[in-house]
Amino acid sequence: MPNIYDVARHARVSVATVSAVVNQSAYVSPQLERRVTAAIKKLGYRPNLLARSLAKQRSHMLGMIVPDIVNPFWPEVVRGAEDRAHAAGYTLLLANTDDDPKKEEMYLSLFLAKRVDGILLTKAPGSLTPEIVDRFAAARVPVVQVSRIADGLCDCDSVLMDDRNAAYESVTHLMRLGYRRIGMVGGLPGATTSERRLLGYRDALRDWKRPFDRGLYFKGDFRVQSGYEAGIALLKQRPDAVFISNYQMAVGFMKALRQYQLRCPQDIAVVTCDDYPWIDSFSPRLTTVDLPKYELGAQGAKVLIDRLAARDSPPQKLELRSVLTIRDSCGYGLKAKSV
């Protein structure tokens, strides 16, 4: 592979001149710049990106850590972040943790070694180790928390969804339709998204003067199998409706319904997070809270890029709004006909 010295010899200029052209770090006369550019093209020279990042103290790379790339929620979040990063001249490096704190720590260390300029982090349950927190502080690598909030990172930027209000609106909608024994399939224990959705569920029950019945609440982990297992347990309690904390668990819950030979919405109504284009193709069509996936990633990247441009500005704390989309699974059509 040709190096910077080969280019300098071929163009009959100094190494410093080649460096100035490649990095656009100093003025070079048009004549010399053309000679250097021609030599680079002829030799097929590629700059050493690591060396350039060391010299400039910028790599123009951002790291992004997500919990489960198989979950259809996350690809759209990543796409939003990648689009915004690319438009600003950054490359996005992606890591998947499976909500495993050890994998998460490994990838955070790797991103530091790669000298990324900043990180978008959706934290696995649990706190970051003091060692990792200290390393980030020493490296001055900013972190933007996306979707979840982690202990020990309270002062950094964050872009969240209105999880509490999303659950509140979902359960309130079911209450308005006349359902009273409303169960919930919760998300991954320790994830702040799960905690906020549970709070919204309880808020709605309180405002409609319904007690919180622990027998109607079952924890999942945002994956299909946990939705099925929670459904098998929850349906024994005979709820007349259920709010499910994400789409993947809703798929598992519907499998449990079939096993019990129950119909949705005739026997039990369902509302879930999140919404996807293909949902209209299934029967029954699911009533959902549409969470702003693409915007979550795009705004996270924007906040991180803003932070890199103004490191001393106050932290940004954004919360993006969700939208309730009413379809068949909540029984709205059946209830309307009975009135």
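- Connection of Met175 to Val270 is established within a shared hydrophobic cluster, with ILVMFWY side chains joined at heavy-atom distances below 4.5 Å, either directly or through further cluster members.
- Leu291 and Leu199 fall into different hydrophobic clusters, where Ile, Leu, Val, Met, Phe, Trp and Tyr are joined by side-chain heavy atoms under 4.5 Å apart, directly or via other members.
- The two residues Ala95 and Phe111 make their nearest non-hydrogen contact at CB-CZ, 3.9 Å.
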- Between His173 and Glu169, does a side chain to side chain contact (heavy atoms under 4.5 Å, CB included) hold up when you go through it step by step? CA-CA 6 Å; His173 173 65; Glu169 290 297 328; over 6 Å; no
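- Heavy-atom neighbours of Lys219 NZ from other residues, nucleotides or ligands within 6.0 Å: at or below the threshold of 12.
- Using a 4.5 Å cut-off between side-chain heavy atoms of Ile, Leu, Val, Met, Phe, Trp and Tyr, with links allowed through other members, Val133 and Ile65 fall into the same hydrophobic cluster.
- Crowding of Arg180 atom CZ: a count of heavy atoms from other residues, nucleotides or ligands under 6.0 Å exceeding 12.
- Nearest heavy atoms, Ile40 versus Val22: CD1-CG2, 3.9 Å.
- Ser194 places no side-chain N or O within donor-acceptor distance of the main-chain N or O of Gly186, the cut-off being under 3.5 Å.
- By the 4.5 Å heavy-atom criterion applied to side chains, Leu160 and Thr192 are not counted as neighbours.
- A donor-acceptor contact shorter than 3.5 Å is absent between the side chain of Gln259 and the backbone of Ile232.
- Rounding to the nearest 0.5 Å places CD of Glu229 at 8.0 Å from CG of Asp221.
- Note that the CE atom of Met106 and the CG atom of Asp100 stand 9.0 Å from one another [nearest 0.5 Å].
- The aromatic rings of Phe212 and Tyr201 sit perpendicular, their planes meeting at an angle over 60°, well past the 30° parallel limit.
- In this structure, the separation between CD1 on Ile182 and CZ on Arg210 is 8.5 Å, given to the nearest 0.5 Å.
- Residue Pro239 comes nearest to Gly183 through the heavy atom pair CB-N, 4.2 Å, listed as atom of the first residue, atom of the second, then distance.
- Under a hydrophobic-cluster definition in which Ile, Leu, Val, Met, Phe, Trp and Tyr are linked whenever side-chain heavy atoms come within less than 4.5 Å, directly or via other members, Val323 and Ile326 are assigned to different clusters.
- Atom NZ in Lys293 sits 12.0 Å away from atom OG in Ser147 (nearest 0.5 Å).
- Side-chain atoms of Asp68 do not come within 3.5 Å of backbone N or O of Asp99 as any donor-acceptor pair.
- Between the Arg327 side chain and the Leu286 main chain, a donor and an acceptor come within less than 3.5 Å of each other.
- Other residues, nucleotides and ligands contribute only 12 or fewer heavy atoms inside 6.0 Å of the CD atom of Gln261.
- Using a 4.5 Å heavy-atom cutoff, the side chains of Val21 and Val13 are not in contact.
- Shown here is Arg79, whose CZ atom has no more than 12 heavy atoms of other residues, nucleotides or ligands within 6.0 Å.
- Side-chain contact check for Ser170 versus Arg197: every heavy-atom pair is 4.5 Å or farther apart.
- Of the possible donor and acceptor atoms, none in the side chain of Arg84 sits under 3.5 Å from a partner among the backbone N and O of Lys302.
- Pairing each heavy atom of Lys123 with each of Arg148, the nearest pair is O-NH1, 2.8 Å.
- Of the possible donor and acceptor atoms, none in the side chain of Asp328 sits under 3.5 Å from a partner among the backbone N and O of Pro284.
- One N or O on the side chain of Asn71 and one on the backbone of Phe73 form a donor-acceptor pair closer than 3.5 Å.
- When side chains are defined from C-beta on, Leu324 counts as touching Thr287, because their heavy atoms get closer than 4.5 Å.
- The CD1 atom of Ile268 lies 13.0 Å from the SG atom of Cys330; values are rounded to the nearest 0.5 Å.
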- Item | Worked check of side chain to side chain donor-acceptor pair (under 3.5 Å) between Tyr260 and Asp267 | CA-CA 11 Å; Tyr260 275 103; Asp267 299 316; over 6 Å; no
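- A heavy-atom distance below 4.5 Å is found between the side chains of Pro72 and Trp278.
- A side-chain donor-acceptor contact under 3.5 Å links Asp117 to the backbone of His60.
- Exactly one residue among Phe253, Tyr276, Phe222 makes a ring-ring contact (aromatic ring centres under 6.0 Å, His included) with Tyr247. That residue is Tyr276.
- Linking ILVMFWY side-chain heavy atoms closer than 4.5 Å, directly or via other members, places Val289 and Tyr294 in two distinct hydrophobic clusters.
- Asp162 has a carboxylate O that lies under 4.0 Å from a charged side-chain N of Arg321, or vice versa, which qualifies the two as a salt bridge.
- Put simply, the side chain of Tyr45 does not reach to within 4.5 Å of the side chain of Asp6, judged on heavy atoms.
- None of Lys317, Arg307, Gln145, Gln316 except one satisfies the side chain to side chain donor-acceptor pair (under 3.5 Å) rule with Asp157; the exception is Arg307.
- One N or O on the side chain of Thr272 and one on the backbone of Asn246 form a donor-acceptor pair closer than 3.5 Å.
- Atom CZ of residue Arg164 and atom CG of residue Asp203 lie 4.0 Å apart, to the nearest 0.5 angstrom.
- The closest donor-acceptor contact from the side chain of Thr172 to the backbone of Tyr168 lies under 3.5 Å.
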- Task: Carefully, step by step, assess Ser329 and Phe282 under the rule side chain to side chain contact (heavy atoms under 4.5 Å, CB included).
- Result: CA-CA 11 Å; Ser329 67; Phe282 292 88; over 6 Å; no
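- Between Leu92 and His86, the closest side-chain pair of non-hydrogen atoms is not below 4.5 Å.
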- Message: Evaluate Ile119 against Phe136 for side chain to side chain contact (heavy atoms under 4.5 Å, CB included), listing each step before the verdict.
- Response: CA-CA 10 Å; Ile119 292 178; Phe136 269 87; 3.3 Å; yes
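- Closest approach of Arg35 and Ala11 over heavy atoms only: NH2-O, 2.9 Å.
- Here the side chains of Trp208 and Val171 are not in contact, with every heavy-atom distance at 4.5 Å or above.
- Contact between Met61 and Lys114 at its shortest, heavy atoms only, is CE-O, 3.3 Å.
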- Message: Let's go through Val28 and Val36 carefully: what are the C-alpha distance in whole Å and the side-chain angles of both, what is the deciding distance for side chain to side chain contact (heavy atoms under 4.5 Å, CB included) to 0.1 Å, and is it a yes or a no?
- Response: CA-CA 10 Å; Val28 177; Val36 170; 5.8 Å; no
